[in-house]
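Before any comments, here is the structure.
Throughout, a chain's letter reflects where its sequence line sits, starting with A, and its residues are numbered from 1.
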Amino acid sequence: MTTKAQMPAVAGGETGSGNAAASGASPLVVLLAGWLFPGAGHLLLGKWVRAGLLMLSIVAMFAIGVALQGKVYTPNTGEPLDMLGFAGDLGSGLLYGLARLLGWGQAPVLVVLADYGTKFIVVAGLLNVVAAVDAHSLANGRKRS
Amino acid sequence: MTLSHFSAVLLFSLFTSIVFGITQRSEPKKMLRFGALCFTLFVGGTIAASWAMWLIKH
């Protein structure tokens with residue numbers, strides 16, 4: 001007899017076999033990939049739909065934040081709130097590196113919408129960390145599907 | 001790029017709700033329901049807080 005837990009879950013066009021054994025990727029690699037680029041962790045696990053939605057959401061939030069002229073935090077400013085903002089921004093992985101490389105978000109925040117942009121960028125980073133941890137949980141079996 | 005305050009709320013709520021829905025639930029149907037709940041609470045909470053601030057001011 002096959003129980004529900006033994007059956008592979010197939011949903012939303014995804015393989016549903018998104019665990020480390022099925023994909024061949026270790027949970028640590030999945031975590032790092034998910035942090036470096038939004039959705040990459042789920043992509044490694046064969047969760048195409050989730051990967052696409054996560055990538056779209058997080059990249060769009062980051063891009064809107066930059067387009068609103070939000071601030072991209074830098075390390076070592078000495079201000080505790082700036083350090084927290086930097087920690088949040090760093091969650092975006094390569095997107096943060098790209099922003100620093102191209103000099104995005106370095107202008108002073110003068111209008112309310114730019115302050116909104118700053119929050120969009122920080123929250124994009126934090127959401128990316130949540131997504132990467134979710135991919136890690138899927139890879140090590142802590143999350144079922 | 002310029003956005004109205006309300007459209008900024010809608011975009012923020014939409015993208016955040018998508019990520020919350022996917023990461024906090026295991027089945028697609030539950031993801032959709034939880035995402036919709038998050039979106040409603042984000043937007044509804046913002047509108048409620050806005051009215052509360054207006055009432056405090058007046």
Please rank A/Leu126, A/Leu56, A/Val130 by heavy-atom pairs under 4.5 Å with chain B and give me the top one.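 Highest number of heavy-atom pairs under 4.5 Å: A/Val130.
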Heavy-atom pair of closest approach, residues [X] and [Y]:
X	Y	result
A/Tyr116	B/Ala8	CD1-CB, 4.0 Å
A/Ala60	B/Phe15	CB-CZ, 3.6 Å
B/Met1	A/Leu68	O-CD2, 3.7 Å

Connected via hydrophobic side-chain network under 4.5 Å: [X] and [Y]:
X	Y	result
A/Val111	A/Val72	no
A/Leu54	B/Phe20	yes
A/Val49	B/Leu32	no
A/Leu36	A/Val29	no
B/Ile22	A/Val133	no

Less than 4.5 Å apart, side chain to side chain, heavy atoms only: is that true for [X] and [Y]?
X	Y	value
A/Arg144	B/Glu27	yes
A/Leu113	B/His5	no
B/Met31	A/Arg50	yes
B/Gln24	A/Asp134	no

Check whether [X] gets within reach of chain B through its side chain, its backbone, both or neither, counting any heavy atom under 4.5 Å.
X	value
A/Val112	side chain
A/Ile58	side chain
A/Leu127	both
A/Val123	side chain

Can you confirm whether more than 12 heavy atoms, excluding those of A/Gln106, are under 6.0 Å from its CD atom? yes
What do you reckon, is CG of A/Leu81 surrounded by more than 12 foreign heavy atoms closer than 6.0 Å?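 Result for CG/A/Leu81: open.
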Name the option with the most non-hydrogen atom pairs under 4.5 Å to chain A; the candidates are B/Leu3, B/Ile18, B/Leu11.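 Of the candidates given, the most pairs with chain A belong to B/Leu3.
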Just verifying a value: how many Å separate B/Ser7 OG and A/Ile64 CD1, rounded to the nearest 0.5 Å?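 Answer for the OG-CD1 pair, B/Ser7 versus A/Ile64, is 9.0 Å.
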Is a donor on one side and an acceptor on the other found under 3.5 Å between the side chain of B/Thr23 and the backbone of A/Ala131?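 Not at all, since once roles are kept as given, no pair shorter than 3.5 Å links the two residues.
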